[in-house]
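Lettering follows sequence order; numbering is per chain, from 1. FYI, side chains are in, hydrogens and waters are out, and symmetry mates aren't considered; it's all heavy atoms of this structure.
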There are 2 protein chains.
Amino acid sequence: MSRQTDGGRRTPLNRDRVLRTAVALADRAGIEALSMRSLAQELGVVPMALYKHVANKEQLLDGMVDVVVGEVGAPAEDADWKSAVRGRVLATRQALLRHPWAARVVESRPGPTPGTLGHLDSVIGMFLAGGLSADLTHHAMHALGGRVWGFTQELFPAPPPSADPEVQAAVLREAAARYPHVVAIATAGAAHDGGSVVGAGCDDLFEFEFALDLLLDGIERLHRRGWTSVRPG
Amino acid sequence: MSRQTDGGRRTPLNRDRVLRTAVALADRAGIEALSMRSLAQELGVVPMALYKHVANKEQLLDGMVDVVVGEVGAPAEDADWKSAVRGRVLATRQALLRHPWAARVVESRPGPTPGTLGHLDSVIGMFLAGGLSADLTHHAMHALGGRVWGFTQELFPAPPPSADPEVQAAVLREAAARYPHVVAIATAGAAHDGGSVVGAGCDDLFEFEFALDLLLDGIERLHRRGWTSVRPG
DNA sequence: ACCTGAACACCGTTCAAGT
DNA sequence: ACCTGAACACCGTTCAAGT
């Protein structure tokens with residue numbers, strides 16, 4: 001249904017249309033369903049036609065990342081550095097959440113794209129504008145790591161969604177014997193989500209902000225102390 | 001050369017030999033060179049023979065992860081919780097550094113393996129033994145995120161290794177115009193590595209410990225304050 | 001200038017057959 | 001019980017040819 005039917009003549013391909021269709025296809029069918037061949041079919045075109053607009057699949061993925069990065073709005077101007085960074089990171093998180101495949105693809109890129117470099121630049125600029133030294137800012141960026149992109153790789157994405165409550169109980173009993181500590185904190189920490197104990201997810205935003213604030217507060221403390229890295233030259 | 005030549009009769013395959021050969025092949029040739037077919041060839045066997053010992057490639061990767069996790073030694077017993085966790089995390093880091101592909105594969109697994117669950121269990125046990133509440137421990141584990149595995153996904157793995165110093169200078173000049181903040185902290189922070197400014201890497205262990213200690217210190221502070229998560233039930 | 005067809009060298013996995 | 005051969009339904013990418 002999304003196939004082009006403009007009276008036998010197709011609107012000519014261009015890089016932008018290729019990238020946007022790829023993003024839409026990955027959103028709908030999952031990133032594993034995105035191949036040069038499936039994307040070509042989606043565009044009503046033969047696979048080879050794509051290679052006039054993207055050099056190869058790697059460059060296609062780079063381009064898709066920049067489409068998503070482009071969806072992050074402009075940074076706020078007025079606030080202090082800490083809430084400026086905080087806000088920007090959380091805004092990036094929102095953009096990435098709209099495309100479930102995006103976090104994984106960003107991680108998999110072997111190097112920065114223009115879009116991701118621009119994003120890094122804007123976050124670094126906030127630290128520097130707040131008076132942090134280039135040295136502290138450098139390490140702060142490393143410490144934030146994946147969180148600058150608005151995601152954290154979780155220990156494991158989702159707890160197994162077992163339907164039968166009897167099976168759940170049996171699984172839990174066996175797990176408690178083998179991994180007592182895991183079960184202890186899973187049942188304690190997940191209580192707030194209201195669901196069944198074993199299948200309950202965590203409050204992702206809470207966990208994300210918990211770690212983000214732990215890091216930002218620590219960085220602020222170092223900044224106030226005039227911290228510098230003392231290392232052998 | 002590594003092909004079996006035991007007088008025409010092959011030593012029978014078993015799961016352990018399949019996994020260890022897969023680990024060795026990934027170490028030597030890279031994870032992208034590991035296919036069911038290349039692994040079979042390495043073992044002097046037809047691809048289908050592997051499927052008697054691992055259900056599919058996913059299970060092969062799970063098994064490889066557990067081989068690596070098995071290389072992490074036993075945890076230290078006596079220390080306080082903070083240095084116990086710190087030591088265990090750094091030991092895990094060492095094991096993962098021996099297998100460059102391992103961090104990426106751990107990240108890519110859709111769920112925990114017995115080995116990774118056991119590893120999580122031991123780290124959680126250290127927090128609980130130190131008197132942290134299950135609640136705080138839960139969030140602490142989330143905050144540590146990938147760091148419990150001994151790695152952090154870097155912003156980007158490696159700076160481009162450009163040979164010609166003239167090209168380097170030109171690249172730097174163009175980058176400085178477009179991404180001034182990135183260049184500012186790259187040149188400041190990388191100075192300690194002694195190499196050329198643009199191609200210098202960072203001190204990975206320093207960055208890793210910087211973030212790890214920021215988190216552990218923050219967690220310790222919350223613990224001393226008797227922190228609890230207050231969330232709507 | 002832009003798109004196509006046919007082909008190459010790969011994948012993971014199946015099935016039915018061999019020893 | 002364990003391994004094999006042939007085949008299936010895929011990949012990304014090339015080359016030379018079409019319009």
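Comparing B:Lys57 and A:Lys52 by the nucleotide of DNA chain C whose heavy atom lies nearest to each, the residue mapping closer to the 5' end is A:Lys52.
Within the shown strands, D:dA1 is the pairing partner of C:dT19 under the Watson-Crick or G-U definition, both distances less than 3.5 Å. Both distances falling under 3.5 Å, in either a Watson-Crick or a G-U wobble arrangement, place C:dG12 opposite D:dC8.
Look at CG on B:Leu34: it is 12 Å from C1' on C:dC11, rounded to the nearest Å. One interatomic measurement links the two molecules: CD of A:Gln41 to P of C:dT4, which rounds to 13 Å at whole-angstrom precision. What separates CE of A:Met48 from C1' of D:dC15 is a distance of 9 Å, to the nearest Å. The separation between A:Glu58 atom CD and D:dC11 atom C1' is 14 Å, rounded to whole Å. Between the C1' atom of C:dT13 and the CG atom of B:Leu60 lies a distance of 14 Å, rounded to the nearest Å. If you measure from atom CG of B:Leu50 to atom P of C:dT14, you get 13 Å, rounded to the nearest angstrom. Rounded to whole Å, atom P of D:dT13 lies 11 Å from atom CD of A:Gln59.
Around atom CZ of B:Arg20, no more than 12 heavy atoms belonging to other residues, nucleotides or ligands sit under 6.0 Å away.
Side-chain proximity of B:Pro47 to the nucleotides C:dT13, D:dC3, D:dT13 is greatest for C:dT13. Closest approach to the A:Leu13 side chain among D:dG5, C:dC3, C:dG5 is made by C:dC3 (side chain taken as heavy atoms from C-beta onward). When distances are taken from the side chain of B:Arg37 to each of C:dC11, C:dC15, C:dG5, the shortest belongs to C:dC11. Distance from the side chain of A:His53 is smallest for C:dC3 among the nucleotides D:dC3, C:dA6, C:dC3.
Within the 4.0 Å cut-off from OP1 or OP2 of D:dT14, not a single side-chain nitrogen or oxygen of A:Tyr51 is found.
Looking at B:Phe151 and B:Glu107, their side chains come closer than 4.5 Å, going by heavy atoms from C-beta outward.
Partners of B:Phe210 according to the ring pair (Phe, Tyr, Trp, His ring centres under 6.0 Å) rule, which considers only residues two or more places apart in sequence or in another chain, are A:His139, A:Trp227.
Distance check on atom C1': D:dA16 versus C:dC2 gives 15 Å, rounded to whole Å.
Put simply, CG on B:Leu97 and CZ on B:Phe208 are 9.0 Å apart, with the number rounded to the nearest 0.5 Å.
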Exercise for the section: In sequence, state the C-alpha distance, the side-chain angles, and the governing distance for B:Asp62 and B:Thr113, and then conclude on side-chain hydrogen bond (donor to acceptor under 3.5 Å, both in side chains). Expected result: CA-CA 6 Å; B:Asp62 280 348; B:Thr113 63; 6.0 Å; no
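Within the nucleic acid shown, A:Met36 comes within 4.0 Å of sugar-phosphate atoms alone, with no base atom in reach, counting heavy atoms only.
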